[in-house]
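The figures that follow rest on heavy atoms only: side chains count, while hydrogens, waters and symmetry mates do not. Naming convention: chains lettered A, B, ... in sequence-line order (proteins, then strands); numbering from 1 in each chain.
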Amino acid sequence: MERYEPLKIEQKWQKVWEETKPFKATEKPSTPKMMLAEMFPYPSGAGLHVGHVRNFTIVDVLTRFYAQQGLNVLRPFGYDTFGLPAENYAIKTGTAPQDVTKTNIANFRKQAKRLGYAIDWSREINTSDPEYYKWTQWCFLQLYKKGLAYQKESYQWWCPVDQTVLANEQVENGKCWRCGHEVEKKKMKQWFFKITEYADELLEEIDNLEWPEKIKTMQKNWIGRSTGAEIGFEVVGGAPHITVFTTRPDTIYGATFLVVAPEYPGLDALLTDDTREKVLAYKAAALKKSEIERQENKEKTGVFTGSYAINPATKAKIPIWVADYVLSGYGTGAIMAVPAMDDRDREFAETFSLPIVETELCDRDKFGTPKTTYRMRDWLISRQRYWGCPIPIAYDSEGNPHPIPEDQLPVLIPEVDDYQPDNSGRSALAKATDWLKVNIYNEATGQVEEMTRETDTLDGYACSSWYLWRYASPHDKEAAWDQDAIKYWEPVDYYCGGDHAVAHLLYIRFWCKFFADEGYLPFREPIKRLLYNGYINAPDGKKMSKSKGNVIDPLDVINDGYGADTLRTYEMFIGPYDQDAAWDTRSVGGVYRFLNRCWTLVFDKNANVLSRSIRDDGSVRSEEPRNDGRDEAFRDKNVSVRNRTIKKVTEDIHRYNFNTAVAALMEYINELYKVGAVEEDLITLAKLLKPFAPHLASEMLEKLGANDEWPKWEEKYLASDTVEVVVQINGKLRAKLTVDKSDLENEDKIKELALADEKIQKYTANGIKKTIFVPKAKLLNIVV
RNA sequence: GCCCGAGUGGCGGAAUUGGUAUACGCGUUCGACUUAAAAUCGAAUGGUGAAAACCAUAUGGGUUCAAGUCCCAUCUCGGGCACCA
């Protein structure tokens, strides 16, 4: 007897797909398109994990579903390859990140192919490929030309022992992750993208997106628009006046002191000989404070500057303090403190015995000018790292930046021997001394000059801020993306991921709006629908991690004999796609049994179950062949189950209820095992199964000689000839009636039948108050 | 602290518009097949109870003919933000 052998079937179909390339996409102007993508992975050395499989399979189910419905689908794939793990590995071992990346991509590709994904493999992209990052640099230059890429002095984490800049995630409890020494903030010139320029549109367009509410709320909070006013305070003694931002200009009569942030630019002018030493010491200490310390220790600290300001409302002379509870990056870096109204100001006033004055409110616009501010800051994009996209800038002898001309792109990453950043705070790119020198035309002097290249690289998020558009024409040598291809394929219809709720998904919206303004994109939002999938945790409910030893390797699940179809279907069945779920190895077996039953129904003529059906009296009618000409009644019964299943699976996929779609297929096959199947059932089953288990379904369809066109249901077949009507007494189920379909709307008839029922009569002996009939719910409620 | 979610059998979960609570799967039990085991197939499976019936969707109220679903309060868990003036 033949058996279901997933590995054999899967190998066969993967070979077929490798040769026939059924998902190679081309623009077909007369066919509706559908573009789907997952958040492209960072190809780590560990290979695919079960979270990738869930993420990719969601996209795959939708891709195949729409392809089977006749849409022209594009489902590309790519790799987000710049980043710290490859660089750290390089520092440790001296292996070039280029080589490690190449190996990891090959492994990822091989594994993704073993899962049978409907990918157009001709569109693979890789952010560290010079063919790709040439255009990342081009994007940077467009932003630079419009003044949206600019330099500014900014405080960075700095490890004084390792003499290097550290990223936020490399600072652990205020200490350097490598040497353990306390880190400090160092003022350095950094590159920024001016995302705040688009703050209003980014905020206002959120409501129009078909995205999960959770993500929309997070983005709104992140942008954090608040409206208020800026109010100028004159400083006694002639120092420049201080402008504060407040959302409550109406409380100005209660402002009894001002507070500026330690980093406040005009701080020096406020100091007196008596206070200078103390204030500067406070400032130095504040700069040393780690984020963690600032978060954990919210006790108010501060120092009096020695200066006073005049409250424009009360004309009172009020002291100016410096305190780290005022943030330099928000508003103007200075506030008016109204301790009677604001909890933080009150706490500060109480700590330092400053006056608290209860106050009447005044007109909001009386003393200030209306002003809107945002929590969102400009996007800091320079990284002092080797393994990133070089910023296409060079500096003349006076330190002025000049863009590398577009015809000299890409600025290639130079080869170096040592990947450790150098002690000037520059990336390892600074070690490529020849590479550093470049001849550029200087407009100011009108001469070609030797300049020095920028050694910072771009934040990886820059590389992923335009990759969805590259998919439209991934090998284009003339442009970042082709206008016709973009017009046809994009914006992306479905984008699926489980991370980057704010950063990546906000940055890509920002770039989209910018390039739309520049005329390069015909839309202002890059992603129509976002699916945000949950994590898959270990069987113990905890996060999977190597150190805990609770990692489930998807390739092990396949190779253990379950196969890719079981793995895919299991991960869709595990629970609602947007919720976290815990791996359950035994449930994987349940899904395997389900697929095995599908296989058996089509291929194993000898299985005794196939020859069974149930007689009207409930007994099993055995030894009957399966696909012969069954009698009419039998066929009608199957027609109704079949149509209901088609409807349920179709609608569930439309709603992303993949778990209940699989459950509906399980119900269907359970029913077929009970009553028997006609050929149309087998074909329908295979077609509906294909998005989840494409190898097995292809094998079934081949055997049945059928295509994979998505089946349609007809409403008229959904109900069988008789329907069950529920009879309630006071809302509680007491009896079930079987009535003819044609009588379902007939209230009198159903009432008559109900009242004739023995069980119901027990309750109606003392009369009936009223009845409620709900034909849609097939329900009659009798109130007694 | 603030803003979102969520709480249903032994377990993961279903219930789409207020209308048969517990679909589907796991686990468990029993049976068939087998010398036996595995695999496969079939049956049962919220609790109490002999049964009738009663009680069950975190807890306590409410609205309704009817509440897992709506309203009010409380508890618990998860996520996000966190001195943003």
Side-chain angles (χ1 to χ4, degrees), chain A residues 1 3 212-218 220-222 224-226 228 244-248 251 255 259 294-295 297-300 323-327 329-338 341-345 347-348 373-377 501-502 534 541 570 573-576 578-591 593-594 596-597 600 604 607-610 612 620 648 651-652 655 657 659-668 670 673-674 724-736 762 769-784:
Chain A
M1 186 177 93
R3 296 186 51 183
E213 286 305 319
K214 190 175 97 180
I215 310 298
K216 291 176 29 164
T217 307
M218 281 167 73
K220 282 182 195 171
N221 292 342
W222 180 268
R225 178 162 74 184
S226 52
V244 305
F245 172 75
T246 176
T247 53
R248 295 298 304 275
T251 63
V259 189
R294 272 200 164 188
Q295 270 172 31
N297 184 7
K298 286 186 180 171
E299 273 166 43
K300 295 285 176 290
D324 67 0
Y325 84 94
V326 175
L327 306 174
Y330 184 76
T332 60
I335 63 156
M336 65 176 202
V338 186
M341 301 294 291
D342 185 282
D343 291 343
R344 297 153 303 184
D345 296 345
E347 200 192 317
F348 192 81
T373 59
Y374 305 88
R375 295 168 89 101
M376 180 171 69
R377 317 290 207 267
V502 177
Y570 169 67
F573 184 62
I574 195 168
D578 57 350
Q579 283 174 33
D580 291 354
W583 187 268
D584 179 6
T585 301
R586 285 189 298 204
S587 289
V588 177
V591 171
R593 277 191 278 280
F594 159 62
N596 196 10
R597 281 156 76 83
T600 302
D604 193 347
N608 62 356
V609 60
L610 295 181
R612 284 187 188 172
V620 172
K648 173 80 175 147
E651 292 182 348
D652 276 355
R655 284 191 296 257
N657 292 345
N659 55 331
T660 54
V662 174
L665 290 171
M666 289 171 167
E667 278 187 75
Y668 186 30
N670 289 347
Y673 266 59
K674 273 189 197 135
E724 195 175 65
V725 171
V726 168
V727 184
Q728 298 179 329
I729 301 291
N730 295 340
K732 282 197 171 174
L733 172 70
R734 294 299 177 189
K736 287 178 181 176
K762 260 174 38 187
K769 286 197 187 118
K770 65 169 170 176
T771 57
I772 291 106
F773 181 60
V774 191
K776 219 174 168 180
K778 292 181 273 183
L779 175 142
L780 177 75
N781 190 13
I782 302 170
V783 184
V784 297

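Remark: the Asn596(A) side chain and the Arg3(A) side chain contain no N/O donor-acceptor pair separated by less than 3.5 Å.
In this model, the phosphate group of A66(B) is not approached by any side-chain N or O of Arg734(A) to a distance below 4.0 Å at OP1 or OP2. Phosphate contact (OP1/OP2 of A53(B), side-chain N/O of Lys762(A), threshold under 4.0 Å): present. Between Asn657(A) and A14(B), a side-chain N or O to OP1/OP2 separation shorter than 4.0 Å is absent. Taking only side-chain nitrogens and oxygens, Tyr325(A) never comes nearer than 4.0 Å to OP1 or OP2 of A85(B). Contact check, Ser226(A) against A85(B): a side-chain N or O comes under 4.0 Å of OP1 or OP2. For Asn659(A), a side-chain nitrogen or oxygen approaches OP1 or OP2 of A14(B) to under 4.0 Å. Considering only side-chain N and O atoms, Lys214(A) lies nowhere under 4.0 angstrom from the phosphate OP1 or OP2 of G78(B).
Nucleotide A14(B) has no partner under the Watson-Crick or G-U criteria, as no pair reaches both atom distances under 3.5 Å. Pairing for U40(B) goes to A32(B), judged as Watson-Crick or G-U wobble with the two contacts each under 3.5 Å.
U69(B) sits 31 Å from A51(B) when the P atoms are compared, rounded to a whole Å. Separating the P atom of G10(B) from that of U59(B) is a span of 13 Å, rounded to the nearest Å. Between A15(B) and A67(B), the two C1' atoms lie 13 Å apart (nearest whole Å). Between the P atoms of A66(B) and G13(B), the separation comes to 32 Å (whole Å). Nucleotides C65(B) and G18(B) place their C1' atoms 12 Å apart, quoted to the nearest Å. Remark: the separation of the C1' atoms in G9(B) and U64(B) is 28 Å, to the nearest Å. With both ends at atom P, the span from U40(B) to C26(B) equals 10 Å, rounded to whole Å. Taking the P atoms as reference points, C70(B) lies 16 Å from U8(B), given to the whole Å.
Comparing Asn596(A) and Met666(A), the nucleotide of RNA chain B nearest to each residue sits closer to the 5' end for Met666(A).
What you find for Ile782(A) and Val727(A) is that their closest heavy atoms are CD1-CG1, 4.0 Å.
No donor-acceptor contact under 3.5 Å links the side chain of Lys769(A) to the base of C65(B). With hydrogens and angles left out, the side chain of Lys648(A) and the base of U16(B) share a donor-acceptor pair within 3.5 Å.
Within the nucleic acid shown, Asn781(A) comes within 4.0 Å of at least one base atom, counting heavy atoms only.
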Between the protein and nucleotides 26-32 of chain B, which nitrogen or oxygen pairs are less than 3.5 angstrom apart?
{"from": "C26(B)", "atom 1": "OP1", "to": "Arg593(A)", "atom 2": "NE", "distance (Å)": "3.1"}
{"from": "C26(B)", "atom 1": "OP1", "to": "Arg593(A)", "atom 2": "NH2", "distance (Å)": "3.1"}

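If you take CZ of Phe573(A) and C1' of G13(B), they are 8 Å apart, rounded to a whole angstrom.
Classified by its glycosidic torsion, G9(B) falls in the syn category, the angle being within 90° of 0.
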